Amino acid sequence: MNPKLLGGVVIGLLLCLAAVLAPWLTPHDPNRQDLSAIRQPPVWMGGAWDHPLGTDSLGRDLLSRLLWSARVAVMVALGATVCAAVIGTPVGLVSGYFRGRLDTVLMRVVDVWMSIPAVLLAIALMAVLGVGLLKVILAIVLVDWTRFARVIRGEVLALREREFVEASRAIGLGPFRIMAEELLPNLVPLLIVLASLEMAIAVGVEALLSFVGLGVEAAVPSWGSMIAEGRGYLLVGWWGMTLPMLALVVTVVGFNLLGEGLRERLDPRLRTDAAR
Amino acid sequence: MTALLEVQNLKTHYRLGGWLSLRRLLRAVDGVDLTLKSQQTLAVVGESGSGKTTLGRTILRLVDPTAGRILLDGQDISCLSQARLRPLRRKMQIVFQHPYASLNPRKRVGRIVAQPLWVHRVPGDHRRQVSELLGRVGLPASAADHYPHEFSGGQRQRIAIARALALRPDLIVLDEITSGLDVTVKLRVLALLRELQAEFRLAYLFISHDLSVVRTVSDRVAVMYLGRIVEEAPTEALFERPLHPYTQVLKASIPDPAARGSWNPPVLGGDAPSPVNMPLGCRFHPRCPLAQAICRDVEPELRELAPGRRVACHLAEAPPHPALSPSMGRG
Amino acid sequence: MLLQVKDLTVRYGGHLAVWEAGFTLGEGEVLGLVGESGAGKSTVGRALLRLVPEPGRIVSGAIAFKGRDLLGLPEAELRALRGAEIALIPQDPLAALNPAFRIGLQATDALAIHRGLSRREAAGVMARLLARMGIPDPEDTLRRYPHEISGGMRQRVLIAIAFSCGPSLLVADEPTTSLDVTTQAQILRLLDGLRSETGVATCFITHDLGIVAHLTHRVAILYAGCLVEQAPTETILAAPLHPYTRALVRSLPLEGIMPALREPPRACPFSDRCPERMAICDTAHPPLKSVGAGHQVACHLY
Amino acid sequence: MSVRYLLGRVGLALLSLWGVTVLAFVVLRVIPGDPALLMAPVGASQADIAEIRAQFGLSGPIWLQYVAWVWGTVRGRFGKSLWLQQDAIRVILERLPATLEVALAALVLAVAGGILLGVLSVLWRRTWFESATLGAGTLGLSIPNFIWGLLFIVFFGALLRWLPISGRIAPDFDIAPLTGFLLVDTLLRRDPGAFGSVFAHLILPAAALALPLLAVVFRAVRSDLLTAVQEEYIVMERMKGLGELRIIFWRALKNALIPTTTLVGVQFGFLIGGTVLIEAIFSWPGIGQLTLAAFQYRDFPLIQGIVVVYAVTVILANFLVDLAYAFLNPRVRYA
């Protein structure tokens, strides 16, 4: 296992662990306010062990909130990635395999989709849909399925010219069976890498949306909203903003490392940069 | 003997360019007639751009023809839908040029060779059939459990041959199958093909750019130039006395190791014109050393100069002695 | 001796591409380096220019060119030799021309660097050279991009580049493999004409014995990175000694495939395909032995 | 580059533009149900809603609504901003230069920096520099640009206090807008002090915006260069006696830039989208900052205008990228 992959897997496992075990690991209810203990510093800065990472300006325990936020991150990452892949992959496959007019139309749609900046589209969708975890996932999927469609199509265009695809046509396989049996297995490495990178993007977008108040519900802790809240008292308690930021950065970098590590291991020649 | 495959005035044209760009017509195959009898080998020889590969794929309907007829066992398959074509695929198979691209890298050899069997719902124990096929092409039965990348180029061509044989076809199109192989391996594969032809009663359409390979395997040779057949003859007759100027140049261009010091290849004017802008008249006339006025204006028909010998050249004359009888094999 | 190669060993990552190959090349001589793909012939050719592609590395040996040790030469001095004293004609003319630049720029590099000509002067020289090679409108060709001319034309351009500075050693690395037969014949004729005119010593890498027969004076046969036989061309064609050479010359099919070379070789690399295999073949690597006038063979039979 | 290619690209750009109007229309109108309700301020009466409906042509069949909307869009009429009570398109155009200024600065920074780092990391491969830039590259492209913005504010603004973190120019300068691009305006006015202030204000937001793209460009240039230097034609350049520096900077780089260019085209959308948050974070008076407010106030005309202007910018940028691609790649006629 290369170091990137190792780093990615370790971070990913820790994140999943934190997400699954959050209810048992956390010392406090993440939403319990304690106005008698606001903006307490972490222990290494003279805080009390009761709140190992300190509290925010409403006296909520930061460690608990961070761990609960990990749940949101994991759900968004998995949900959005799976859905985007499920929508984008068939579009890319069909478009690349049949080419011709269908391809032209589908790719123009993707082009148009991509000419509205992703952030703007996500914000617009959230403004229209209203806040909520499922809606965040939906917005990310609506924005990001194009990424899968484009990259998969590019790969299919190259694969379909390979002689083994022609060989199965000569045997008498129909187009959809060729896609399922000949093309899809060859797309698996690319899909795995794309999915890891997509998870990083999804976590980032969720944080961004929550940061501007268009993400998950206010009652659900999320790194994005924690960053936004912490920003207000930056000068009196830097940890309020920095700790969730750190968690977010580590997570995103972790998923990226996972993607790059997987690429190096599965197929170093994969071009996935266009997917970002 | 009746013809297994008969191709009449076959044309495959491609449109180049698209929306807003200049539309041009690439005439890859442009009026080909040929006949292949069962259990015989017809070699189609040509340089790059001659349309030989497109011809092979059109005959198998991997590419759709623009015009003309393809008769397989007397049945016209040139207009059948892909669904109607599917059962007929048992009769005709293909082996491709690139041993590294023609096998799906993500499937084990066993599944690759068995694929035609289950696609066509062939009864019986597929595993056993696969090991028999592998054994027949000179590979151990254990090869079925390995992936293609574990094999050398020659071995992969054998796997591809085994896959083509699985349905017991009558016709196999061999598309440049030896061009990526080293000489000693190439000779071994050619020998295998000859053994299999007798055993499985196969007819081969052997597509190649290499005249010297063709000589050892084929009964008849058709020489293609820019989408057309310019000469067709029994193999030995063609090598002894090529009648078309292009065939003569082609033959003389190959350096023969046995005749050291006496090689003096003929000079052709320039490079081959492309199938996109075809010259008027005889397609070969801009490069032909013998071209005359008529060659610039009139496209020559493929004429039968002697029994079994057809040439598309205004100037070619029948050989002084009658050629070998047309259906007799390699001399 | 113009070129003297001794015990050349090249390694690619974990495996050996060439093992202790040695040969010489006199002024005006043409040596054919023959072998199948993967036998190490191209690697030897590139090693002569110290251009073995990564991760390849010349591990040991010596290459003396006009008495200078090429392997010990600093990079700057080597650059002064490349393109001027030693030239290369590559295998695939499309891959060997940069698709993003006009042919004129690429064709005048060598003249500009080694002869100090301006680009304009160099283009003039190049145009005359191309005209002599039968290119109808050389000025126009120089203005084009590589993808706009045919394969035969591209190879003519590369040959012109190779000859432009009057080299004394030419490495021709399968220069016609990617071309059609009729084009190949013309390019070979052209190349042979230029060679005999300039008298440049040539290392001609090929797998085609027909080309060897007509263009070379001597032949070295490589198998799995080892030099197995070396002799004047007539001798090789008329009386090959090594069983592998015999299979090549007499077009005999061989079972099996060429193995990757183990290090150091403890057996004859050809033993498992050899029709005349003996017990010793599996236990000892046969050294190259002299068996006649300029004829050497590495086989336990002799 | 042929006229045909140019025409084709113009056609594609127009087609995309048309598609954007459909998409914007669909997303903003069809999905949520009644747009008039969405637009209406909280607690609006039925009469207010009816008036909104009339003002924006929200009654009648959907295709008629679309036609009316496109017709308005073509003439740049999005209506009056509900929040600012001004013509929406004027508000947007007034603020557009600020957004373009920071976006262009970021683009230049990303492309120039990315290419430079890419070339250097190939030139000095197998040294500490390569590993350092590779690590930084992963970090650069992993972290979303609003996080970069916040980090910069904390470090360079709050802790080190090196650079300003809010606005386009220090309040003590008063520059009447000419072009709207303050870097240009201060130069035209020959006011070096103001220019310095504008420049200082630009650095952090532009850098935050640029970093992810810079990392992408760096990695693309690097990997394409590494591919190129293994190519036979680069071996031939070495063979002709060219030096390594010259080969990488003058020959291989052009080959590497061809695929990189397309990538920059795809990525530009992300950069432009990034301005929404970066402007909010740095109180940058452009349309990005306007966006969040427009959504907050449900300012429908303003939102429409912003979406269309952003899309036009991206489409235009992609068009320019296509031209650059054709310029670099002699093989392209019409892909």
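Given the structure is predicted, the values throughout are model-derived calculations rather than measurements. Computation of the quantities below employed the complete heavy-atom set of this structure, encompassing side-chain atoms and omitting hydrogens, waters and symmetry-equivalent molecules. Convention: sequence-line order gives letters A, B, ...; per-chain numbering from 1.
- Of the two parts of A:F211, only the side chain, counted from C-beta on, holds a non-hydrogen atom closer than 4.5 Å to a non-hydrogen atom of chain D.
- Heavy-atom pairs under 4.5 Å with chain A were tallied for D:I153, D:L150, D:V20; the largest tally goes to D:L150.
- Looking at D:V276, the atoms closer than 4.5 Å to chain A (heavy atoms on both sides) all sit in the side chain, from C-beta outward.
- Options A:V253, A:L257, A:L214 differ in how many heavy-atom pairs under 4.5 Å they form with chain D, and the most are formed by A:V253.
- Across every non-hydrogen atom of D:F295 and A:A127, the tightest pair is CD2-CB, 3.2 Å.
- When heavy atoms are compared at a cutoff of 4.5 Å, A:M241 approaches chain D solely by way of its side chain, counted from C-beta outward.
- Proximity to chain A involves both the backbone and the side chain of D:L151, based on heavy atoms less than 4.5 angstrom apart.
- Between chain D and the residues A:I227, A:D111, A:I123, the most heavy-atom pairs under 4.5 angstrom are made by A:I123.
- By the 4.5 Å heavy-atom criterion applied to side chains, D:V307 and A:I116 are counted as neighbours.
- When each of D:L17, D:I315, D:T138, D:I272 is checked for heavy-atom pairs under 4.5 Å with chain A, D:T138 comes out on top.
- Annotation: salt bridge (Lys or Arg N to Asp or Glu O under 4.0 Å) contacts of A:E229 (sequence neighbours excluded): A:R60, A:R65.
- Of the two parts of A:A207, the backbone and the side chain both hold a non-hydrogen atom closer than 4.5 Å to a non-hydrogen atom of chain D.
- Every residue was checked against the side chain to side chain donor-acceptor pair (under 3.5 Å) condition with A:R265, not counting sequence neighbours, and none meets it.
- Heavy-atom contacts from other residues, nucleotides or ligands closer than 6.0 Å to CH2 of D:W128 number 12 or fewer.
- In plain terms, the two heavy atoms of D:S142 and A:N256 that are nearest each other are OG-ND2, 2.9 Å.
- Residue contact with chain A, scored on non-hydrogen atoms closer than 4.5 Å, is absent for D:L271.
- Proximity to chain D is limited to the side chain of A:V212, based on heavy atoms less than 4.5 angstrom apart.
- Using a 4.5 Å cut-off between heavy atoms, D:I281 contacts chain A through both its backbone and its side chain.
- Here D:L316 contributes atom CG and A:S115 contributes atom OG; the two are 12.0 Å apart, rounded to the nearest 0.5 Å.
- No side-chain heavy atom of D:N318 sits under 4.5 Å from any side-chain heavy atom of A:M114.
- Taking the side chain as every heavy atom from C-beta outward, A:L208 and D:P144 never approach each other to under 4.5 Å.
- Between A:A118 and D:F270, the shortest heavy-atom contact is CB-CE2, 4.3 Å.
- Here the straight-line distance linking atom CG of A:L121 with atom OH of D:Y310 works out to 13.0 Å at 0.5 Å rounding.
- Contact between A:P117 and D:G273 at its shortest, heavy atoms only, is CB-CA, 3.4 Å.
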